[in-house]
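Model, not experiment: these values are computed from the prediction. Basis for what follows: all heavy atoms, side chains included, without hydrogens, waters or symmetry-related copies.
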Amino acid sequence: MFRHSKVLITKLKNLSFQGSWRSRGSSAVERAQQYTVGHKIHGFTVKEVTAVPDLFLTSVKLSHDATGAQYLHAARDDSNNLFSVQFRTTPMDSTGVPHILEHTVLCGSQRFPCRDPFFKMLNRSLSTFMNAFTASDYTMYPFSTQNAKDFQNLLSVYLDAVFFPCLRELDFCQEGWRLEHETPTDPSSRLMFKGVVFNEMKGVFSDNESLYAQHLQNKLLPDHTYAVVSGGAPLDIPDLTWEQLKHFHATHYHPSNARFFTYGDLPLEQHLQQIEKEALSKFERTEPNTAVPPQAHWDKPRVDHVTCRPDALAPDPMKQNTLCMSYLLGDITDTFEAFTLSLLSSLMISGPNSPFYKALIEPEIGSDFSSSVGFDGSTRQASFTIGLQVLTGFLTGFEEEQIEALLHKIEIQMKHQSTSFGLALASYIASCWNHDGDPVQLLKISENVSRFQQCLKENPRYLQDKVQHYFKDNTHRLTLTMSPDERFLEKQAEAEEQKLQEKIQNLSDADHKDIYEKAQDASCLPALKVSDIEPIIPYTPVQLGTAGGVPVQCCEQPTNGMVYFRAMCNLNSLPEDLKIYVPLFCSVITKLGCGELDYRQQAQRIELKTGGMSVSPQIIPDTDQLDLYEQGIMLSSSCLERNLPDMFQLWSDIFNRLVFFQETEKEIFKSLRPAGDLQRDGPGEIAELTDLTSVLRKLPRIKRHLLNPENMRCAVNATPQKMSDAAGEVERFMGNIAANRKERKPVRPTVVERALDPQAGSSASRKLISEPHFKPCQMKTYFQLPFNVNFVSECVRTVPFSHADYASLCILARMMTAKFLHGEIREKGGAYGGGARMGGGGLFSFYSYRDPNSTQTLSAFRGGVEWARAGKFTQQDIDEAKLSVFSAVDAPVAPSDKGLGRFLNGITDEMKQRHRERLFAVTNKNLTDVAGRYLGVGQQTCGVAILGPENESIRKDPSWVVK
């Protein structure tokens, strides 16, 4: 997977405390603190042991004696253990060699020579995460799991993959690029480029923002590896040879160029012993030549221009130009300076109180910030990018309350509990550590905050001085513009065709051959057994009560001093003509101003007193019947325990004293305009209206229907010690908004009530809408879009969650993906991915993405059904599918989200346990039966949709609706 990595201060939102998930005699943190500097462990030497109380962990830094490999262990009482190994990968051309290598090493290794062990392990493991990433200057291979045996199995596969891969030519052709006939079975059909990475990067650069971000980096840092496309430029990828790929592996994938990271509560000694035995003991130290030198500083600013494809989805076709100024900053290994600059970036661009928002968005110089805007610490020298040169105002300084709000946000982010903390941690330290910075220093967030506050105290102009140095006086500045070119796609196609003809001219008759071979036996891979899975789910206790007549669910959890509030408001009484405006209403309702606060003051208050306040539209399917659903909006917010009254006062003011019809609405709407809104009367159109009066008049009407306690239910997650306080605040909140309560008649005649607690006999209920006269129909729709690749899907109506066959369809989807569709769609078809999934609303879906094929993929979907109906699978295939499904079912849930499934969907622990038992009981006969009964041609109503480039054959086919 290729990613543009942006290390912003907002990445701290994932670096948040996660409570202990299993008890031990002594905690992982305590055990780690017993290590001493100089201690020898399985070929490693301890270099540093550091307590990091901010993040409730102890770090142990080691180095490998023989190879010099660097190692960091973060001991923390979290059972979702993570392993990661990263290599500094610094290509000097745009053939995508590190990206293609990342894919190819996962296609088989010495101990595990089967095809695609990475994908096969998804079905033989209870992993909570498995993937790999190629950044601009490093490649990372992380996985996480809650099971100790599974951790050892995955570690074996990952170590063998990166250090001892097969790197077969066949796999290089599959994952990188190859020439293949458009119809593989017809040698007379035209030749074309195929390959997983080739199609992935065509998809990446079909997005104008990704294209712009890549150009920006290439041109701001032109002297070394950042001048090229590490993921691969589509026209350069076909220049990469198999020999070059193997050479890059030999020079970059060596322990001397590696950084190992482990996280969690498993013993460090076991990790070190396994890594030494299975990998590092077989290497000697080398001196890798992979360091990135500093970019030479320019003596004067530069200006450049690039072109892109016209955006057919832009609300205003005349407003498609992008202009940014990018400044080269300091070295990211200076962790405090990078911390300060990321804070400064947030102060300059975040929210309506920021100087850049006032200077660029409000005067309508631009409709929104580019995604490239802000601090970027993913390269050795950081950069800051903004839309236009409006820096003069910053020399007057920032308001103290702005800085206080930003530091409060950091405190919130440190306390909020995440289920993927290890992965977030690995990503957070990756860039700094990659350039030999100190990853532990990066984690000392409170120390950096204190030092920052001291700098402000000692020098009131501290931030202004930074602005002067890094921006006003900085001559390493690039002004890059991008504008659409009507012939952009045509020129791309011509260049690809020219490259294709160059390759074809060099082919001999012997080169025209079938490059596919059958998948090899996967029995060499380690695997868990279904018997390793816990048969009974852990129980999540909740208490159901009321506050002011409104149902309230309370869930006591170790939330680390945070309180989480949600409220669901159904929209059953909302007139049909207003429903199209509900997403817009949700977007602006917390941003208009309320009470005595204008919209700027409200934004500041939300940052000072909460972890964020949001409103989102919801459509929730019933668990028992198709075509029965709840429609509404969900209010969400969180805060530190000390700020409970302030958070609920903000909600009270939104309910009671919302500010409408002030001059700021147009600016707010413009900043919220969603790209690609396909609704003709949706927000994309609204943002371009010159007179917003008609739209603004609808918002108070929507508010009267939606912000109505009569239609509400609430949920609160807090610590046991604070739950009574939280419940009291909810009670006061309901009292404050009681005047909004009004019983309104539902617009739809058929409303079905579902008890919130069926076993308690309570009168509290969810009110769902029934569609008794809805008649689904077969439909095939093609959306012609300015993409280079296709996105293909087919959906079939099956059964709801509570149906006995639902579990069998879940297992079938996973098994069909792993054992049939992956081979047909990715390996043979060249798509980036594809498969099948069973949805909670009763839809069984087939899908592919970044796919060079369209109708051929639909044939693969049908082939998968016939494969399943014929029973062409083994008991081992079924067991692997069960493991894969259970890894998702048993994924860790953060304390903030415990009980949320019950609150929103009405899925109780008893229902989850029943579903679990049905998953365990699925048999071969169950799978062939549901494949024929629900997925066979003509058995159920299905819908087909394809998003992709112009397709002449589909356009001529009358069975398709072309949009």
Side-chain angles (χ1 to χ4, degrees), residues 179-195 198-199 202-203 206-207 234 309-314 317 484-501 504 676 678-680 775-797 821 824-826 828-834 836 845-866 935-963:
L179 289 174
E180 187 174 286
H181 290 284
E182 186 173 23
T183 304
T185 56
D186 179 8
S188 65
S189 60
R190 76 181 187 93
L191 285 167
M192 60 187 297
F193 287 124
K194 282 191 178 181
F198 179 79
N199 286 313
K202 285 183 73 173
S206 66
D207 173 63
R309 63 170 178 81
D311 184 359
L313 304 179
D485 177 354
E486 292 295 333
R487 291 195 64 241
F488 184 81
L489 294 177
E490 184 182 342
K491 291 175 182 177
Q492 274 193 326
E494 290 172 356
E496 184 176 328
E497 181 62 27
Q498 182 179 348
K499 175 75 72 171
L500 177 66
Q501 293 306 318
I504 291 174
L678 298 178
Q679 289 279 12
R680 183 178 60 83
K775 299 294 183 197
C777 62
Q778 303 275 126
M779 195 167 184
K780 298 195 299 184
T781 310
Y782 190 88
F783 296 91
Q784 184 175 316
L785 294 169
F787 298 159
N788 293 320
V789 286
N790 296 285
F791 299 79
V792 186
S793 70
E794 179 178 344
C795 295
V796 184
R797 284 166 57 87
L821 295 175
E824 295 296 313
I825 296 172
R826 179 179 169 115
K828 294 182 182 179
Y832 189 65
S845 304
F846 300 91
Y847 64 91
S848 75
Y849 52 98
R850 291 179 178 167
D851 190 343
N853 306 306
S854 54
T855 52
Q856 302 95 311
T857 299
L858 294 174
S859 298
F861 295 161
R862 287 294 95 208
V865 173
E866 295 308 310
L935 306 182
V937 175
Q939 294 300 310
Q940 300 290 331
T941 306
C942 70
V944 176
I946 299 177
L947 284 69
E950 185 174 354
N951 189 311
E952 191 63 28
S953 62
I954 286 180
R955 182 174 292 279
K956 291 178 179 178
D957 186 340
S959 69
W960 284 88
V961 176
V962 180
K963 297 272 189 176

Checklist line | Test: Arg826 cationic atom under 6.0 Å from Tyr832 six-membered ring centre, within 45° of axis | finding: yes
Notebook entry, point to check: Got more than 12 heavy atoms from elsewhere within 6.0 Å of CD, Gln778?
Noted result: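 Result for CD/Gln778: enclosed.
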Check: Are Val944 and Phe861 close enough that some pair of their side-chain heavy atoms sits under 4.5 Å apart?
Finding: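 Answer no - side chains too far apart.
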Note to self: Taking the side chain as everything from C-beta on, heavy atoms only, tell me whether His181 gets closer than 4.5 Å to Leu191.
What the structure shows: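 With C-beta onward as the side chain, the pair touches.
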Checklist line | Tyr849 and Tyr847 aromatic ring geometry - parallel, tilted or perpendicular at 30°/60° bounds | finding: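 Parallel: the ring planes of Tyr847 and Tyr849 meet at under 30°.
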Next item on the list: Return the orientation label for the Phe198 and Phe193 ring planes: parallel under 30°, perpendicular over 60°, tilted otherwise.
Entry: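 Because their plane-to-plane angle lies in the 30° to 60° range, the rings of Phe198 and Phe193 count as tilted.
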Next item on the list: Could you walk me through whether Gln492 and Lys202 pass the side chain to side chain contact (heavy atoms under 4.5 Å, CB included) test, one step at a time?
Entry: CA-CA 10 Å; Gln492 274 193 326; Lys202 285 183 73 173; over 6 Å; no
Atom [atom1] in [X], atom [atom2] in [Y]: separation rounded to 0.5 Å?
| X | Y | atom1 | atom2 | value |
| --- | --- | --- | --- | --- |
| Ile946 | Ser854 | CD1 | OG | 5.0 Å |
| Phe846 | Ile825 | CZ | CD1 | 9.0 Å |
| Glu494 | Glu490 | CD | CD | 5.0 Å |
| Asp207 | Asn788 | CG | CG | 11.5 Å |
| Asn951 | Lys956 | CG | NZ | 10.5 Å |
| Ser793 | Leu947 | OG | CG | 7.5 Å |

Note to self: Which residue in the set Glu497, Lys499, Gln498 passes side-chain hydrogen bond (donor to acceptor under 3.5 Å, both in side chains) when paired with Gln501?
What the structure shows: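 Only one of Glu497, Lys499, Gln498 forms a side-chain hydrogen bond (donor to acceptor under 3.5 Å, both in side chains) with Gln501, namely Glu497.
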Closest contact, heavy atoms only, [X] versus [Y]:
| X | Y | result |
| --- | --- | --- |
| Arg850 | Asn199 | O-CB, 3.8 Å |
| Pro310 | Asp485 | CD-O, 3.3 Å |
| Arg309 | Ser206 | NE-O, 2.6 Å |
| Ser848 | Thr857 | OG-CG2, 3.6 Å |
| Val789 | Pro949 | O-CD, 3.6 Å |

Item checked: Donor-acceptor contact below 3.5 Å, side chain Asn853 vs main chain Gln856 -> no
Next item on the list: Verify, without hydrogens or angle tests, whether Asp851 (side chain) and Ala831 (backbone) share a donor-acceptor contact under 3.5 angstrom.
Entry: no
Next item on the list: Run the numbers on Gln784 and Arg955 for side-chain hydrogen bond (donor to acceptor under 3.5 Å, both in side chains), then give the verdict.
Entry: CA-CA 10 Å; Gln784 184 175 316; Arg955 182 174 292 279; 2.6 Å; yes
